[in-house]
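Have a look at the structure below before the remarks.
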Amino acid sequence: MPSPPLLVRGLRKTYGDVLAVDGLDLQVGAGECFGLLGPNGAGKTSTIEICEGLSLPDAGDVVVLGRRWGEQDRELRERLGISLQETQFSDKLTVGETVSLFRSFYRRGPGPDAVIDMVQLGEKAGARVGRLSGGQKQRLALACALVGDPELLFLDEPTTGLDPQARRQLWELIERLRSEGRSILLTTHYMDEAERLCDRVAIVDHGRVIAEGTPRALIASLGAEHVLEFAVGEGTVDDGMFGALEGVRGADRRDGVYRLQVTELHRAMPALLHALRDRGAHLTELRTHSPTLEDVFVSLTGRYLRDE
């Protein structure tokens with residue numbers, strides 16, 4: 001049976017007294033977009049840098065496209081595409097010159113013009129990098145990751161800081177790459193991004209995988225059909241009272257906002273209003289939404305994915 005494009009077992013990495021990665025396991029299948037999710041400091045970037053061969057682990061095993069780092073590294077690197085969190089290009093070079101430079105590092109792959117067209121930068125081929133927008137620079141970074149026709153792509157938070165339109169354009173490009181059969185390891189803070197792009201995700205906290213599966217399966221594991229968020233004004237409210245309400249599966253509070261995981265909204269809402277009225281409290285905020293991967297993470301850790 002062939003080895004998966006990426007196999008990580010028992011990965012461990014420390015920086016001084018800081019344990020960044022603590023026995024992490026993950027596997028990326030052929031033609032799969034796999035999401036690595038978690039807050040800053042969870043160990044995502046340390047993990048991906050080890051997988052890319054940019055950093056050495058303290059312990060564990062990493063097999064990339066059937067090989068381990070230290071064995072014919074040049075041949076392995078030419079089969080990978082890497083887009084870092086932030087890529088610094090020379091502002092004075094043009095888009096075409098930048099892609100041609102990166103293409104010169106590989107012995108095979110598409111021509112620079114073909115890659116530039118692939119990321120929809122054809123009209124900007126003669127423009128200097130310093131004049132590109134944030135979204136265009138991210139597409140340029142992806143173009144440089146594609147010049148070697150990679151089998152496995154590492155995309156580390158590729159849409160951070162982009163406006164909604166630029167994010168959607170990059171999503172469409174990533175979906176196209178996945179449809180071509182490339183394997184992708186994606187890190188992101190955006191749960192809507194993970195839900196749209198990823199076949200499977202692993203939620204990482206404190207250097208360990210705490211949940212793994214398809215986005216739909218992880219969301220279903222909450223056992224809730226809705227998440228009810230609200231805040232209250234005057235009145236006496238006991239934080240523990242909401243979890244016992246009819247139709248409520250779980251409850252938590254953060255920054256004065258309560259979140260109820262609700263199985264039956266038509267029962268939970270009247271029960272909530274009745275409980276607040278009995279205690280002389282009134283609502284100052286009220287909203288409801290379908291469960292998301294963010295809700296899964298909060299349920300597992302009590303924290304939010306975008307917490308620092």
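Below, all heavy atoms of this structure are taken into account, side chains as well, without hydrogens, waters or symmetry copies. Counting from 1, the numbers follow the sequence of the chain as shown.
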Would one find more than 12 heavy atoms of other residues, nucleotides or ligands at under 6.0 Å from atom [atom1] of [X]?
{"X": "His289", "atom1": "NE2", "answer": "yes"}
{"X": "Arg131", "atom1": "CZ", "answer": "no"}
{"X": "Glu180", "atom1": "CD", "answer": "yes"}
{"X": "Arg128", "atom1": "CZ", "answer": "no"}
{"X": "Leu286", "atom1": "CG", "answer": "yes"}
{"X": "Lys137", "atom1": "NZ", "answer": "yes"}

Task: Note, Thr98 side chain near Cys144 side chain (heavy atom, < 4.5 Å) - done: yes
Task: Salt bridge present between Arg103 and Asp113 (N-O < 4.0 angstrom) - done: no
Task: Steps toward salt bridge (Lys or Arg N to Asp or Glu O under 4.0 Å) verdict (Arg182, Asp149) - done: CA-CA 9 Å; Arg182 304 179 199 269; Asp149 194 21; 3.0 Å; yes
Return a table of donor-acceptor pairs under 3.5 angstrom between the side chains of residues 164-171 and protein atoms on other chains or two or more places apart.
| unit_1 | atom_1 | unit_2 | atom_2 | d |
| --- | --- | --- | --- | --- |
| Arg167 | NH2 | Asp192 | OD1 | 3.1 |
| Trp171 | NE1 | Glu193 | OE1 | 2.7 |

TODO: Quick one: do Cys198 and Leu186 satisfy side chain to side chain contact (heavy atoms under 4.5 Å, CB included)? Show the steps, please.
DONE: CA-CA 8 Å; Cys198 297; Leu186 171 76; 3.9 Å; yes
TODO: Using the test side-chain contact (heavy atoms from CB on, under 4.5 Å), find all partners of Glu78 that sit at least two apart in sequence or belong to another chain.
DONE: Arg74, Tyr106, Arg107
Task: Those residues that, when tested against Ser133, pass side-chain contact (heavy atoms from CB on, under 4.5 Å) (two or more places apart) - done: Gln136
Taking atom [atom1] of [X] and atom [atom2] of [Y], what is their separation to the nearest 0.5 Å?
{"X": "Leu132", "Y": "Leu140", "atom1": "CG", "atom2": "CG", "answer": "6.5 Å"}
{"X": "Glu49", "Y": "Thr47", "atom1": "CD", "atom2": "OG1", "answer": "9.5 Å"}
{"X": "Gln120", "Y": "Leu173", "atom1": "CD", "atom2": "CG", "answer": "7.0 Å"}
{"X": "Asp156", "Y": "Thr187", "atom1": "CG", "atom2": "OG1", "answer": "3.5 Å"}
{"X": "Leu185", "Y": "Ile48", "atom1": "CG", "atom2": "CD1", "answer": "4.5 Å"}
{"X": "Leu142", "Y": "Ile82", "atom1": "CG", "atom2": "CD1", "answer": "12.5 Å"}

Looking only at heavy atoms, what is the nearest atom pair of [X] and [Y], with distance?
{"X": "Pro57", "Y": "Ile50", "answer": "CD-CG2, 3.9 Å"}
{"X": "Cys51", "Y": "Trp69", "answer": "O-NE1, 2.9 Å"}
{"X": "Leu84", "Y": "Glu52", "answer": "CD2-OE1, 4.0 Å"}
{"X": "Ile184", "Y": "Leu177", "answer": "CD1-CB, 4.3 Å"}
{"X": "Leu24", "Y": "Val8", "answer": "O-CG1, 3.6 Å"}
{"X": "Ile203", "Y": "Val296", "answer": "CD1-CG1, 3.9 Å"}

Task: Chi angles and distances behind the salt bridge (Lys or Arg N to Asp or Glu O under 4.0 Å) call for Arg287, Glu285 - done: CA-CA 7 Å; Arg287 52 188 174 269; Glu285 298 179 36; 2.9 Å; yes
Task: salt bridge (charged side-chain N to carboxylate O under 4.0 Å, His left out) partner of Glu229, the single match among Arg259, Arg253, Arg254 - done: Arg259
Task: Gln72 vs Leu76, side chain to side chain contact (heavy atoms under 4.5 Å, CB included): CA-CA, chis, key distance, verdict - done: CA-CA 7 Å; Gln72 298 176 310; Leu76 180 54; over 6 Å; no
Would the distance check show the side chain of [X] and the main-chain N or O of [Y] forming a donor-acceptor pair, the cut-off being under 3.5 Å?
{"X": "Ser100", "Y": "Gly96", "result": "yes"}
{"X": "Asp58", "Y": "Thr14", "result": "yes"}
{"X": "Arg139", "Y": "Leu121", "result": "no"}
{"X": "Ser46", "Y": "Gly43", "result": "no"}
{"X": "Asp73", "Y": "Gly70", "result": "yes"}
{"X": "Lys13", "Y": "Leu56", "result": "yes"}

Cluster overlap [X] with [Y], hydrophobic side-chain contacts below 4.5 Å:
{"X": "Leu26", "Y": "Val204", "value": "yes"}
{"X": "Val99", "Y": "Leu155", "value": "yes"}
{"X": "Leu276", "Y": "Met269", "value": "yes"}
{"X": "Leu153", "Y": "Val119", "value": "yes"}
{"X": "Val147", "Y": "Met118", "value": "yes"}

Task: side chain to side chain contact (heavy atoms under 4.5 Å, CB included) between Phe34 and Ser183, intermediate numbers included - done: CA-CA 8 Å; Phe34 187 96; Ser183 302; over 6 Å; no
Task: Contacts of Glu175 that satisfy side chain to side chain donor-acceptor pair (under 3.5 Å) - sequence neighbours left out - done: Arg196
Open item on the list: So, using side chain to side chain donor-acceptor pair (under 3.5 Å) as the criterion, who are the partners of Arg178 when residues are at least two apart?
Closed with: none
- [ ] If a pair satisfies salt bridge (Lys or Arg N to Asp or Glu O under 4.0 Å) and one of its residues is in residues 87-99, list it, with sequence neighbours excluded.
- [x] none
Open item on the list: Taking salt bridge (Lys or Arg N to Asp or Glu O under 4.0 Å) as the cut-off, I'd like each qualifying pair that reaches into residues 265-284, sequence neighbours left out, listed once.
Closed with: Glu246-Arg267, Glu264-Arg267
Open item on the list: I'd like to check the salt bridge (charged side-chain N to carboxylate O under 4.0 Å, His left out) partners of Arg68; sequence neighbours left out, ordered by chain and number.
Closed with: Asp61
With a 3.5 Å cut-off and sequence neighbours excluded, list the donor-acceptor pairs that the side chains of residues 207-228 form with protein atoms.
| unit_1 | atom_1 | unit_2 | atom_2 | d |
| --- | --- | --- | --- | --- |
| Arg208 | NE | Asp22 | OD2 | 3.1 |
| Glu212 | OE2 | Arg200 | NH1 | 2.7 |
| Thr214 | OG1 | Ala217 | N | 3.0 |
| Ser221 | OG | Leu218 | O | 2.4 |

- [ ] Step by step, work out the side chain to side chain contact (heavy atoms under 4.5 Å, CB included) result for Val129 and Thr94.
- [x] CA-CA 6 Å; Val129 172; Thr94 67; over 6 Å; no
Task: Residues that Phe242 engages under ring pair (Phe, Tyr, Trp, His ring centres under 6.0 Å), provided they are two or more places apart - done: Phe230, Tyr258
- [ ] Return the set of residues passing ring pair (Phe, Tyr, Trp, His ring centres under 6.0 Å) with Phe105 (not counting sequence neighbours), or none when no residue passes.
- [x] Phe102
- [ ] Linking directly or through intermediates, with side-chain heavy atoms under 4.5 Å: list the remaining ILVMFWY members grouped with Leu7, chain and number order.
- [x] Val63
